[in-house]
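Quick notes on the structure that follows.
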Amino acid sequence: QVQLVESGGGLVQPGGSLRLSCEASGIDIKIETMNWYRQRPGKERELVVGLTSGGSAYYDDSVKGRFTISRDNAKNMVYLQMNSLKPEDTGVYYCKVRRLDNYWGQGTQVTVSS
């Protein structure tokens, strides 16, 4: 069974940085496109960034130039480096296997506030 466990979130001031981690089990991430989503209270999850198995990354305009997605195939982990954080980045962040719709972890809370 696929399991995804996110970690690394926290409270940070505007302009700060966080690095999110996603531990994957039951699936080999090196052959998958992996995504990071964000969810705000009362709203559906929105795609923030993705990384294909071929190494192509795509970013939402709101995070382009500030966030970087990467993966460590040996560890079967995906990361999201978040720099120059803004209050609008606040939300619960989830990693996702693009082609699988029914497997979500608990997410990790990111709060950007003064």
Side-chain angles (χ1 to χ4, degrees):
Q1 184 177 348
V2 174
Q3 287 188 315
L4 302 169
V5 181
E6 302 91 346
S7 62
L11 174 64
V12 64
Q13 293 185 347
S17 297
L18 287 171
R19 190 191 192 208
L20 308 185
S21 298
C22 172
E23 303 174 58
S25 60
I27 193 165
D28 188 0
I29 64 106
K30 74 174 182 292
I31 62 172
E32 305 288 347
T33 293
M34 300 298 297
N35 295 333
W36 283 97
Y37 281 74
R38 178 177 62 224
Q39 185 172 31
R40 294 177 176 272
K43 298 183 178 180
E44 66 184 73
R45 284 176 285 255
E46 58 186 344
L47 179 64
V48 175
V49 59
L51 181 65
T52 72
S53 61
S56 297
Y58 45 94
Y59 298 87
D60 183 81
D61 286 342
S62 67
V63 305
K64 195 173 298 181
R66 300 185 297 116
F67 289 12
T68 303
I69 186 172
S70 63
R71 64 180 159 209
D72 186 333
N73 291 332
K75 296 181 179 180
N76 215 41
M77 295 186 67
V78 182
Y79 306 95
L80 183 64
Q81 179 66 47
M82 306 187 297
N83 298 325
S84 301
L85 283 162
K86 304 175 180 180
E88 66 194 50
D89 297 321
T90 295
V92 180
Y93 284 73
Y94 301 85
C95 64
K96 181 185 182 294
V97 182
R98 183 182 180 182
R99 66 182 179 88
L100 301 179
D101 292 328
N102 298 319
Y103 296 93
W104 297 93
Q106 294 299 306
T108 185
Q109 176 72 44
V110 172
T111 303
V112 185
S113 176
S114 298

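Not a single donor-acceptor pair under 3.5 Å links the side chain of Tyr37 to the backbone N or O of Glu44. Side chain of Arg71 to backbone of Ser53: a donor-acceptor contact under 3.5 angstrom is found. Here the side chain of Asp28 pairs no donor or acceptor atom with the backbone of Ile31 at under 3.5 angstrom. Glu6 places a side-chain N or O within donor-acceptor distance of the main-chain N or O of Cys95, the cut-off being under 3.5 Å. Within the 3.5 Å criterion, the main-chain N or O of Thr90 finds no donor-acceptor partner in the side chain of Thr111. Side chain of Asn76 to main chain of Ala24: a donor-acceptor pair is present (N/O by atom type, distance under 3.5 Å, no hydrogens or angles).
Both Leu20 and Ile69 are members of a single hydrophobic cluster when ILVMFWY side chains are connected at heavy-atom separations under 4.5 Å. The hydrophobic cluster containing Trp104 does not contain Leu4, counting ILVMFWY residues as joined when their side-chain heavy atoms lie under 4.5 angstrom apart, directly or transitively. Both Tyr103 and Tyr93 sit in one connected hydrophobic cluster of ILVMFWY residues. Membership requires side-chain heavy atoms under 4.5 Å apart, directly or through other members. Under the 4.5 Å side-chain contact rule for hydrophobic residues, Tyr79 and Val63 do not share a cluster. No path of Ile, Leu, Val, Met, Phe, Trp and Tyr side chains, each step under 4.5 Å between heavy atoms, connects Tyr94 with Leu80, placing them in separate hydrophobic clusters.
The closest side-chain heavy-atom distance from Phe67 to Leu85 is below 4.5 Å. Between Arg66 and Asp89 there is a side-chain heavy-atom pair separated by less than 4.5 Å. Side-chain atoms of Asn35 and Tyr58, non-hydrogen and from C-beta on, do get closer than 4.5 Å to each other. Here the side chains of Arg38 and Ser62 are in contact, with some heavy-atom distance below 4.5 Å. Two residues are said to be in side-chain contact when any heavy atoms from C-beta on lie closer than 4.5 Å; Val78 and Leu51 fail this criterion.
Screening Lys96, Arg98, Arg99 against Glu32 for a side-chain hydrogen bond (donor to acceptor under 3.5 Å, both in side chains) leaves a single residue, Arg99.
To the nearest 0.5 Å, atoms CE (Met82) and OG1 (Thr68) are separated by 11.0 Å. The CD atom of Glu23 lies 5.5 Å from the OG atom of Ser7; values are rounded to the nearest 0.5 Å.
Within 6.0 Å of CD in Glu46 there are more than 12 heavy atoms belonging to other residues, nucleotides or ligands.
The two atoms that bring Ser17 and Ser84 nearest to each other are OG-N, 4.3 Å, heavy atoms only.
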Worked check of side chain to side chain contact (heavy atoms under 4.5 Å, CB included) between Leu47 and Asp60
CA-CA 7 Å; Leu47 179 64; Asp60 183 81; over 6 Å; no
List the steps and the verdict of side chain to side chain contact (heavy atoms under 4.5 Å, CB included) for Ile29 and Met77.
CA-CA 7 Å; Ile29 64 106; Met77 295 186 67; over 6 Å; no
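With respect to the salt-bridge test (charged N to carboxylate O, under 4.0 angstrom), the residues Asp61 and Lys64 qualify.
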